[in-house]
Number of protein chains: 2
Amino acid sequence: MRQLCMPQGLSPDELMKLETLICSARSVQRGEALYRSGDRFDSIYAVRSGSMKTVMAHRDGREQVTGLRLAGEALGLDGISDDVHACSALALEDSTVCIVPYTALKSLCREISSMQERMHKLLGEQIVREAAQMMVLGSLSADERVAAFLLDVSERNARRGYSSAEFNLRMTREDMGSYLGMTLETVSRTLSRFQKRGLIDTHGKHIRIVDLDGLRQV
Amino acid sequence: MRQLCMPQGLSPDELMKLETLICSARSVQRGEALYRSGDRFDSIYAVRSGSMKTVMAHRDGREQVTGLRLAGEALGLDGISDDVHACSALALEDSTVCIVPYTALKSLCREISSMQERMHKLLGEQIVREAAQMMVLGSLSADERVAAFLLDVSERNARRGYSSAEFNLRMTREDMGSYLGMTLETVSRTLSRFQKRGLIDTHGKHIRIVDLDGLRQV
DNA sequence: CGCATCGTTGATGAGCTTCAAGCAAGGTGG
DNA sequence: CCACCTTGCTTGAAGCTCATCAACGATGCG
């Protein structure tokens, strides 16, 4: 819980106030939705265990994965602008989340300036992360996209104290393709090629990064 | 000034406080940077006249346009997350912006809850807008991307009280291509095809939408 | 008015998608 | 407990969209 996205930069005293606010947790089964696009927005969330994806739908029904959230990362900010969620959040594996009621969080932000600061940074981080993903989608080749994605997940794992070299990606190839703007077949072929080149070692969803620098130079 | 992004939802009294805060304006010549990636972040901006683009650079030097800001829209939020701007903002034509010092804005947000509300919405809107652009880049064909872009600009013009059917896009074909993840040649060809189909009428940067529904159905 | 920038259009081919088939893994019920 | 079925992954072949290279025309700024 100390590792979570919200508390960073708060004093012990302030942390306590935050903890009284996080009144509840919720578990979400693999495949189940934490919230759906169009649902009324009233809380933001922090992934406590497991992982989730966010998905956005075009009016014609086409869906795209717009984000991946690992344990410790924040979720649900897509609802702030409209009081209605713009994405759906689906569990990639059995997961639990902390629920942070937004109205209460807003008051806390007014009381405690470091809480306000943290809130702004959280929103700002997502803005930058999404802009970076726009770059990936708009400028990189298939190989570069897959490499960038693996490096991103690796770094986020490292930041949370897990192995940066080895992890279980609970997304399917189709999810990865959707997130990276390509087909599942291209993802699969790219991973196979990376493996032949000695960059990674895959067994289904388990991925080990063998040559980090090589991957950076793709 | 009443049309601006910030004031929405504030009382006259609160508006006055905001106005004392916006201590200055600045003019930016066409092609000049309002801020550059890596610059220290200390203010957010509102475009008062003209238009700007935001640009993000990959480490290998490749650049991509990540956003277009018309008069009345907010700018600079990419600096909040780590006190340094993640993008550069360049003027597409001679423009002026209002400067809103971030530290002062933060205090104001603590004083006035509707100001805090507005700030959160501003950040949230950008998050949703960028997620929508990720969908465009990841899921749509070239034709669909161009159509979506024209419809987006059209709608934003309408919201600001200008014509939704006719406007001057100050971006070059290359800017549009970069924003839409395609080459300038493909943008040009697509616009030509739209013109032949009777969807739009272009003369260089001047664009008139002839068949709005047709464009929606692309 | 001249020059640089921007836009258009054509020809060619690379890179990715699509379609298809087979294989591996994991969960379920008899 | 194993056969069965579903779901996900891999790989191949063919085709299409879009990028690239190139040439020329239009525009507009100093």
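Values below: all heavy atoms of this structure, side chains included; hydrogens, waters and symmetry mates excluded.
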A.B. asks: Given C/dG15, is OP1 or OP2 found less than 4.0 Å from the side-chain N or O atoms of A/Ser141?
C.D. replies: no
A.B. asks: For B/Gln195 and C/dT8, give me the distance from atom CD to atom C1', rounded to whole Å.
C.D. replies: 12 Å
A.B. asks: Atom CZ of B/Arg170 to atom C1' of C/dC6: distance rounded to whole Å?
C.D. replies: 14 Å
A.B. asks: I'd like to know if A/Lys53 and A/Asp175 make a salt bridge, using a cut-off of under 4.0 Å between side-chain N and carboxylate O.
C.D. replies: yes
A.B. asks: Taking only heavy atoms on the protein side, list every residue of residues 172-188 of chain B lying under 4.0 Å from any atom of DNA chain D, sorted numerically.
C.D. replies: B/Gly181, B/Met182, B/Thr183, B/Glu185, B/Thr186
A.B. asks: What about B/Arg189: does its side chain form a donor-acceptor pair under 3.5 Å with the base of D/dT20?
C.D. replies: yes
A.B. asks: Applying side chain to side chain contact (heavy atoms under 4.5 Å, CB included), can you list everything that pairs with B/Asp152, at least two apart in sequence or on another chain?
C.D. replies: B/Arg156
A.B. asks: Which nucleotide in the set C/dT8, D/dG8, D/dT11 lies at the smallest distance from any side-chain heavy atom of A/Lys205?
C.D. replies: D/dG8
A.B. asks: Look at A/Arg159 together with A/Glu73 and state whether they make a salt bridge at an N to O cut-off of under 4.0 Å.
C.D. replies: no
A.B. asks: What one-letter contact string describes nucleotides 23-30 of chain D from 5' to 3', where B marks a base within less than 4.0 Å of any protein heavy atom, S marks contact via sugar-phosphate atoms alone, and - marks no contact?
C.D. replies: --------
A.B. asks: Provide, to the nearest angstrom, the distance between the CG atom belonging to A/Leu140 and the C1' atom belonging to C/dC16.
C.D. replies: 15 Å
A.B. asks: Using a strict cut-off of less than 4.0 Å between a Lys/Arg side-chain nitrogen and an Asp/Glu carboxylate oxygen, indicate whether A/Glu144 and B/Arg62 qualify as a salt bridge.
C.D. replies: yes
A.B. asks: Could I get the full list of salt bridge (charged side-chain N to carboxylate O under 4.0 Å, His left out) partners for A/Asp94, not counting sequence neighbours?
C.D. replies: none
A.B. asks: Tell me, please, which residues at least two apart from B/Glu130 pass salt bridge (charged side-chain N to carboxylate O under 4.0 Å, His left out).
C.D. replies: none
A.B. asks: Grab the CG-P distance between A/Leu191 and D/dG8 for me, whole Å please.
C.D. replies: 16 Å
A.B. asks: Between A/Arg216 and A/Asp211, does any NZ, NE, NH1 or NH2 come within less than 4.0 Å of an OD or OE carboxylate oxygen?
C.D. replies: no
A.B. asks: Please report the distance, rounded to the nearest Å, between CD in A/Glu93 and P in D/dG8.
C.D. replies: 15 Å
A.B. asks: Calculate the interatomic distance between B/Asp143 atom CG and D/dT17 atom P; express it in whole Å.
C.D. replies: 10 Å
A.B. asks: Please identify each residue that fulfils side chain to side chain contact (heavy atoms under 4.5 Å, CB included) with B/Glu125, with sequence neighbours left out.
C.D. replies: A/Ser81, B/Arg118, B/Lys121, B/Leu122, B/Arg129
A.B. asks: From CG of B/Leu137 over to C1' of D/dT17, roughly how many Å is that when rounded to an integer?
C.D. replies: 17 Å
A.B. asks: Measure the shortest side-chain to side-chain distance between B/Asp213 and B/Leu215 over non-hydrogen atoms and say whether it is less than 4.5 angstrom.
C.D. replies: no
A.B. asks: Using whole Å, what does the distance between atom P of nucleotide C/dA24 and atom NE2 of A/His206 come to?
C.D. replies: 20 Å
